[in-house]
Amino acid sequence: MIAAKDARELYEELKERLQDVVPPFELALKADLAWEINRLKQERGAVILGHNYMEPALYHSVCDHVGDSLELSRVAAATEGDPIIFCGVRFMAETAKILNPDRTVLLPSAKGGCSLASSITAADVRRLRQQYPGAPVVTYINTYAEVKAESDICVTSGNAARIVAQLDADTIIFLPDEYLARNVARETGKRVILPATGPVTGARADAAAADGVEMTVVGWRGRCEVHDQFTVEDVERVREQFPDVYVLAHPECPPEVVQASDFSGSTSAMIRKVKESDQVRYLLLTECSMADNIVAEAPEKQMVRLCSVRCPHMNEITLQEVHASLVQNRYIVDVPEPTRSRARKAIERMLEMA
Ligand code: 13P
Ligand code: SF4
């Protein structure tokens, strides 16, 4: 158990692991705080879940479980800790609460937003349902509980294509990430219709059907403010400078960027790919902290970093905030009924199908 180590031991362990990514003086301060967090965590019987984007010192010192959205949803469904401290963004903490209504779920930041989650409302989903009666609503996990509650099934970047491929429907509504919808459509051989603004008109859906489309995916114009910034030019420039580079793109990136890359998958799939691969140099088109977290475990890997692209929401979560969260029992995440039960159905359906 991490908490059984004394502060010095924790510091030495972190120094060995993170010496190439965090300066020692900063690590000494962080190790003290991390040790205190682990002590409090044990005292309170808490469990800390951390998304792969957490900064390296936090990721490697206080998290009981780390992973992508799908893995953390599974852990949240099975964990026994109380409170659950979610080191990620609000929609992730909400998912943990939806699956554990009797336990306290804490998000260490008062904000923890996400541009995808805030791109769509429950009313938008209801309008789309009216326009496409009978079409199942497939919703990315990066949405708030009210939107999940209007959905038939949730997906994550780790299972979206697999789940869409299994759906027996001519038209599905896939919300809210435009790029993920297009990437999934390409992977599954489905066709995507996107509204210029707001929902798609029936005439355009009819046109797709006339083209002999097997399934039409009706999308939305949500975008991740981080992955939206990567361009094909970035990939080409890096390839020019480092011809041996292996490029991995998250499926929230624009489809042309995904196509210019060598691999696309969820954050955990990207981590696995780098660890398993025998290439030397990698470019990760996703939040920059992940490259540091990989190097800490696989120092022989060389990462080309495009670190001007950061997720401001994930970066809200610091060791200081996690400590304050445990001490002050903040910020409590609540999902009222009947939203919670309705959203739970969509998440459970995903966990069953995936
Ligand atoms: P993953 O499920 O792949 O970890 O993605 C979550 C996310 O928000 C990526 O920006
Ligand atoms: Fe949302 Fe993008 Fe940040 Fe992920 S990286 S939490 S999708 S804003």
Side-chain angles (χ1 to χ4, degrees), residues 13-14 16-22 50-60 63 65-75 88 155-163 165 179-180 182-184 186-188 224 226-311 314 354:
E13 194 183 290
L14 286 175
E16 200 181 320
R17 203 169 249 208
L18 302 176
Q19 58 188 338
D20 293 336
V21 288
V22 186
H51 186 262
N52 290 326
Y53 288 165
M54 289 299 104
E55 62 98 353
L58 189 160
Y59 181 91
H60 288 278
C63 298
H65 304 276
V66 290
D68 63 13
S69 308
L70 179 59
E71 290 162 344
L72 293 178
S73 311
R74 288 202 178 113
V75 172
V155 294
T156 72
S157 60
N159 61 25
R162 222 173 327 141
I163 287 180
Y179 294 150
L180 183 63
R182 285 166 55 192
N183 286 322
V184 165
R186 203 192 55 249
E187 217 179 299
T188 56
C224 161
V226 178
H227 294 94
D228 192 22
Q229 292 181 55
F230 295 114
T231 65
V232 173
E233 209 184 0
D234 292 334
V235 178
E236 286 169 354
R237 280 209 189 123
V238 173
R239 284 202 198 277
E240 221 173 274
Q241 195 181 351
F242 303 106
D244 63 340
V245 73
Y246 188 81
V247 183
L248 302 95
H250 194 274
E252 289 170 11
C253 289
E256 60 277 15
V257 172
V258 170
Q259 275 179 291
S261 306
D262 301 303
F263 176 83
S264 179
S266 77
T267 53
S268 287
M270 291 165 105
I271 294 171
R272 276 194 297 276
K273 189 74 187 174
V274 173
K275 284 186 182 164
E276 285 162 10
S277 155
D278 52 11
Q279 311 277 337
V280 176
R281 207 185 303 272
Y282 303 85
L283 171 65
L284 296 185
L285 299 175
T286 197
E287 152 64 48
C288 199
S289 291
M290 227 176 78
D292 289 337
N293 289 334
I294 295 177
V295 168
E297 285 172 17
E300 72 284 3
K301 307 285 180 185
Q302 289 179 31
M303 296 290 167
V304 181
R305 288 169 171 82
L306 296 181
C307 278
S308 53
V309 183
R310 308 299 300 251
C311 175
M314 289 283 186

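Because the structure is predicted, anything quoted here is derived from the model rather than measured.
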### Task
For residues S157 and P251, report the shortest heavy-atom separation together with the two atoms involved.
CB-CG, 3.8 Å

### Query
Between D234 and L283, is a side-chain contact (heavy atoms from CB on, under 4.5 Å) present by the stated rule, with each step listed?
CA-CA 10 Å; D234 292 334; L283 171 65; 5.9 Å; no

### Task
Would you tell me whether Y59 and S289 have side-chain atoms, one donor and one acceptor, within less than 3.5 Å of each other?
no

### Message
As a quick check of understanding, evaluate side-chain contact (heavy atoms from CB on, under 4.5 Å) for K273 and L248, giving each step before the final call.
### Response
CA-CA 9 Å; K273 189 74 187 174; L248 302 95; 3.8 Å; yes

### Query
How close do R239 and A260 get, heavy atom to heavy atom, and via which atoms?
NH2-O, 2.8 Å

### Message
Could you report the tightest heavy-atom contact between Y53 and M290, atom names first, then the distance?
### Response
CE2-SD, 3.9 Å

#### Entry: Side chains of R182 and P254 in contact at under 4.5 Å (non-hydrogen atoms)
no

### Task
Check whether any side-chain heavy atom of Y179 lies under 4.5 Å from a side-chain heavy atom of P255, and answer yes or no.
yes

### Message
Less than 4.0 angstrom from a charged side-chain N to a carboxylate O is my criterion; do D68 and R272 meet it?
### Response
no

### Query
Under a 4.5 Å cut-off applied to non-hydrogen side-chain atoms, are H250 and E287 in contact?
no

### Message
Is there a side-chain contact between N52 and I271 in this structure, where contact means two heavy atoms from C-beta onward sitting under 4.5 Å apart?
### Response
yes

### Task
Please report the C-alpha distance between V258 and R186 in whole Å, then the side-chain angles of each, then the deciding distance to 0.1 Å, and finally whether the side-chain contact (heavy atoms from CB on, under 4.5 Å) criterion is met.
CA-CA 11 Å; V258 170; R186 203 192 55 249; 3.6 Å; yes

#### Entry: Heavy atoms from other residues, nucleotides or ligands near CZ of R305 exceed 12 (cutoff 6.0 Å)
yes

### Query
Taking all atoms of both residues into account, what is the closest heavy-atom pair of A57 and L18, and its distance?
CA-CD1, 3.7 Å

### Task
Say whether, by atom type as modelled, one donor and one acceptor occur between the side chain of Q229 and the main chain of V309 under 3.5 angstrom.
no

### Task
Rounded to the nearest 0.5 Å, what's the gap from NE2 on H51 to NE2 on H65? Could you check?
15.5 Å

### Task
Starting from the C-alpha separation in whole Å, work towards a yes-or-no answer on side-chain contact (heavy atoms from CB on, under 4.5 Å) for V257 and L285.
CA-CA 9 Å; V257 172; L285 299 175; 3.6 Å; yes

### Query
Would you say the side chain of C63 lies within less than 4.5 Å of the side chain of L58, judging by non-hydrogen atoms?
yes

### Close side-chain approach of S277 to Y282, heavy-atom, < 4.5 Å
yes

### Task
Indicate the atoms forming the closest heavy-atom contact of L72 with G67, along with that distance.
CD1-O, 3.6 Å

### Query
So, the side chain of K301 versus the backbone of V274: is there a donor-acceptor pair under 3.5 Å, distance only?
yes

### Query
Do any N or O atoms from the side chain of N183 and from the backbone of C253 form a donor-acceptor pair under 3.5 angstrom?
yes

### Query
With a 4.5 Å heavy-atom cut-off, do R310 and V226 have their side chains touching?
no

### Task
Report yes if the side chains of V66 and N293 come closer than 4.5 Å at any heavy-atom pair, otherwise no.
no

### Query
Where the side chain of D244 meets the backbone of R281, is there a donor-acceptor pair that is under 3.5 Å apart?
no

